[in-house]
Visitor: 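The structure is given below, and queries will be raised subsequently.
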Amino acid sequence: MKSIVCIKRVPDSEARIRIAGDGRSIDPSGVKHVMNPYDEVALEEALRLKEAAGEGSVTVVSVGPEASKEILRTALAMGADEAVLLQCAGSPDGLAIARALAAEIGGRERDLVLFGKQAIDDDNMQVPAMVAELLHLPCATVVVELEIADGHVVARREVEGGHEVIEFDLPAVVSAQKGLNEPRYPSLRGIMAAKKKPLEVKEVELRESKVEILSLEEPPARESGDVVGEGAEAVPELVRRLRERALL
Amino acid sequence: MPQGRVLAFAESRDGALRPVAREAVTAGRELAEALGSPVDAFLLGPPGIAREAAALGAYGADRIFVAENDAFVNYAPDASLRLCAEILGRETYSAIIFPASAQGKDLAPRAAAMLDRGLATEVTGLGAEDGVPVAVRPVYAGKAIARVTFTDLPALISVRPNVFRAEKRPGEGLVESVEVAPEPSSQRVKGIETGERETLDVSEATVVVSGGRGMKGPENWAVLEDLVDALGEHATLGASRAVVDAGWRPHGEQVGQTGKVVSPTLYFAIGISGAIQHLAGMRTAKTIVAINKDPDAPIFQIADLGIVGDLFEVVPALAAEIRRVHAES
């Protein structure tokens, strides 16, 4: 089983976001960056598939700045065999990223291309299905269960109120939702081994974005409201206030 | 740029329109008014769906393109793309609107790649400048708000559920049948498995009751289920990341930056202190109610209404009081 896992460097979910002076991007200073949490799930799935098959490879690919090497090293420490950084500047839109990934992945041998269901920074949630379409591969997004036997895939994807069952043959694209598995932590041995694994850096010129950011602002502040009281005695007053707002 | 029409994807499931279909048409209408152009809708479904489709006229669709086939009882991404391409071959469009639902979030990027156009997802506001759509969308799970525009038309846009409330207006839509083959397709959607009862998804419910670590254990959730029951059919359960990570609740219920971002009319945060990644996921709720024993919990800083107290006393009393006032009215 040969898998390619696409991963992204993002600000930690606990990070506070400040708008940069240009009013169109975020100020990265002092922000802790991590591997996108859903990408960890995708990588874990690829590692388990390789381990279960007893053969194959896991390649991790990231589009981003030089600092993305850190998360690629983390991926190698978790067990990936090789890493590729498609190095670029700026914050391209989903389609520009998908085209760069499709160009890289298209030339590689692979059974499965895995993604996290979305990156928690731009929340675009569009690159996996775009790459599938560009490479003319079948695709299941937001997958919580994956069964693969003899090149045939049965995937369960999260939809409103249940799981949608979708079937297709490899090669294919899958995007992972939390719950698919529990990602491992890199072991000390893994971290040592990662230093000897290949990490290739390729400078890429991304195509111009078709979605342009005009401005980035902080969300309107929510004023703190009223604590209507303490304990169960406050309940009638709470209900009265909710009815006043026509909410009950 | 040449002025075009607006096209909205009307999602169906099991032969019925989903509520987000009407929201997508309503959002399309809003944008069309800013652009000064008409709105069309397209949908796929099993034979008989055309009758349902006509109802979209009341939400502002001028023409409704319908493809009927027994195979379209389930989501059919490849056939949906073929129908979209067929319609785009007939008319000029400035924008295509999808719901940011499970189907829409899967289909819109495929369409964007097929058409080589930009896609803005989870949009919460729409307008136009010089004939080009401008979309407002939260990023970093709502910790920042972006205004975006498009270099090429049609602009592809998915709209967040519950934000563009479906709105009826006078007028009728013209239903037009279009032949679309279900094959070829590289993937086959077999159907949807639901649990014992199909629950309302946290991203689509208008009332959400979320529990956090203050619930103390998964065995205590009956307290919240009872409140959901008292609140009625539009209410559902949500959860904080802490309780999902602890395995108390399923991932599908998680609200926050690594869960779902929700915009219900009413949000109850119960036993949730209010970590920054949770607040990001629910801060656009219209009214937030917090129930927490810690008066200094950050959740009270953004809650509209709150009670400080033991949730195991407050929540049952709240369910009882809601049932009492409902019985009276």
Side-chain angles (χ1 to χ4, degrees), chain A residues 13-14 16-17 19 26 37 93-95 98 120-126 129-130 133-134 138-139 141-142 158-168 177-179 210-219 222 224-232 234-236 238-239 241 243 245 247-248, chain B residues 101-102 105-106 109-110 112-114 117-122 139-152 186-194 198-201 204 251-252 257-258 265-266 276-277 283 287 300-309 313-314 317-318 321-322 325:
Chain A
S13 65
E14 294 295 337
R16 276 191 190 282
I17 297 299
I19 312 295
I26 70 152
D93 73 353
L95 192 54
I120 63 164
D121 52 359
D122 53 32
D123 289 328
N124 271 333
M125 202 175 182
Q126 54 183 243
M130 282 174 168
E133 187 65 28
L134 293 172
C139 171
T141 53
V142 199
E158 191 180 274
V159 300
E160 298 82 2
H163 292 161
E164 192 167 70
V165 184
I166 180 165
E167 295 190 12
F168 45 85
Q177 163 68 313
K178 277 173 94 178
K210 290 179 181 291
V211 180
E212 278 180 356
I213 296 174
L214 295 172
S215 67
L216 204 58
E217 287 169 18
E218 287 187 2
R222 267 194 100 99
S224 65
D226 294 333
V227 170
V228 300
E230 288 188 15
V235 164
L238 174 65
V239 169
R241 299 275 283 271
R243 281 168 73 83
R245 295 172 177 233
L247 290 169
L248 291 177
Chain B
S101 56
K105 286 193 278 203
D106 190 82
R110 296 180 195 240
M114 172 181 80
R117 292 294 181 267
L119 166 64
T121 55
E122 298 270 356
V139 289
Y140 301 89
K143 291 176 190 171
I145 310 290
R147 275 177 71 247
V148 302
T149 189
F150 302 85
T151 59
D152 300 276
S186 58
Q187 61 259 297
R188 291 161 297 282
V189 175
K190 299 297 214 187
I192 293 172
E193 298 171 344
T194 54
E198 192 170 344
T199 51
L200 186 58
D201 193 76
E204 294 189 331
H251 287 97
Q257 192 168 9
T258 52
T265 313
L266 181 55
I276 182 166
Q277 59 82 23
R283 61 176 300 135
T287 296
F300 286 115
Q301 285 166 22
I302 71 155
D304 300 279
L305 297 165
I307 292 181
V308 175
E313 286 168 19
V314 175
L318 180 57
E321 180 68 5
I322 290 168
V325 298

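A, B, ... follow the sequence lines: proteins, then strands. Residue 1 opens every chain. The figures here come from the full heavy-atom set of this structure, side chains too, leaving out hydrogens, waters and symmetry mates.
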Visitor: For each of B:Arg117, B:Glu122, B:Arg283, B:Gln277, tally heavy-atom pairs with chain A at distances under 4.5 Å, and name the one with the top tally.
Guide: B:Arg283

Visitor: Please report the closest heavy-atom contact between B:Tyr140 and A:Asp123, naming both atoms and the distance.
Guide: N-OD2, 3.4 Å

Visitor: What part of A:Pro37 is in contact with chain B, defined as an atom under 4.5 angstrom from a non-hydrogen atom: side chain, backbone, both or neither?
Guide: side chain

Visitor: Pick from A:Glu230, A:Glu218, A:Lys178: which one has the most heavy-atom pairs with chain B under 4.5 Å?
Guide: A:Lys178

Visitor: Among A:Pro219, A:Gly225, A:Pro236, which residue has the highest count of heavy-atom pairs closer than 4.5 Å to chain B?
Guide: A:Pro219

Visitor: Sort A:Ala98 into side chain, backbone, both or neither according to what part of it lies under 4.5 angstrom from a heavy atom of chain B.
Guide: neither

Visitor: Ignoring hydrogens, what is the shortest heavy-atom contact between B:Leu305 and A:Arg241? Give both atom names and the distance.
Guide: CD2-NH2, 3.7 Å

Visitor: Given the options B:Ala113, B:Ala303, B:Ala112, which has more heavy-atom pairs under 4.5 Å with chain A than any of the others?
Guide: B:Ala113

Visitor: Compare every heavy atom of B:Arg110 with every heavy atom of A:Ala129, then report the nearest pair and how far apart it is.
Guide: CB-CG, 4.0 Å

Visitor: Distance from A:Leu95 atom CG to B:Leu119 atom CG, nearest 0.5 Å?
Guide: 9.0 Å

Visitor: So which part of A:Ile19 gets closer than 4.5 Å to some heavy atom of chain B, the side chain, the backbone, both or neither?
Guide: side chain

Visitor: Quick one: of B:Lys105, B:Met114, B:Arg188, who has the most non-hydrogen atom pairs under 4.5 Å with chain A?
Guide: B:Arg188

Visitor: Between A:Ile213 and chain B, with a heavy-atom cut-off of 4.5 Å, which part of the residue counts as in contact: side chain, backbone, both or neither?
Guide: both

Visitor: In terms of heavy-atom pairs under 4.5 Å with chain A, which of B:Val139, B:Leu266, B:Thr121, B:Thr149 leads?
Guide: B:Thr149

Visitor: Top residue by heavy-atom pair count (under 4.5 Å) with chain B, among A:Val142, A:Asp93, A:Val228?
Guide: A:Val228

Visitor: At what distance, to the nearest 0.5 angstrom, does CD1 of B:Ile322 lie from CG of A:Leu238?
Guide: 7.5 Å

Visitor: Going by side chain to side chain contact (heavy atoms under 4.5 Å, CB included), name the residues that satisfy it together with A:Val235, two or more places apart in sequence or in a different chain.
Guide: A:Val239, B:Ile307, B:Val314, B:Ala317, B:Leu318, B:Glu321

Visitor: Mind checking whether B:Ser101 and A:Glu160 have side chains closer than 4.5 Å, heavy atoms only?
Guide: yes

Visitor: Could you tell me which residues satisfy salt bridge (charged side-chain N to carboxylate O under 4.0 Å, His left out) with A:Glu14, sequence neighbours excluded, listed by chain and number?
Guide: B:Arg241

Visitor: So what's closer than 4.5 Å to chain B heavy atoms on A:Arg243: side chain, backbone, both or neither?
Guide: side chain

Visitor: Heavy-atom pairs under 4.5 Å with chain B - which of A:Glu158, A:Met125, A:Glu164 has more of them than the others?
Guide: A:Glu164

Visitor: Check whether A:Glu217 reaches the backbone of B:Ile145 with its side chain - one donor and one acceptor, N or O, closer than 3.5 Å.
Guide: no

Visitor: Which heavy atom in B:Ser186 sits nearest to a heavy atom in A:Phe168, and how many Å separate them?
Guide: O-CB, 3.4 Å

Visitor: What part of B:Gln257 gets within 4.5 angstrom of chain A, counting heavy atoms only: side chain, backbone, both, or neither?
Guide: both

Visitor: Pick whichever of A:Ala234, A:Ala232, A:Gly94, A:Gly229 has the most heavy-atom pairs under 4.5 Å with chain B.
Guide: A:Gly229

Visitor: Hey, does B:Asp304 have a side-chain heavy atom less than 4.5 Å from the side chain of A:Arg222?
Guide: yes

Visitor: State, to 0.1 Å, how close B:Ala144 and A:Ile17 come at their nearest heavy-atom pair, and which atoms those are.
Guide: CB-CG2, 4.4 Å

Visitor: If you take all heavy atoms of B:Pro109 and A:Met130, which pair is closest and at what distance?
Guide: O-CG, 3.3 Å

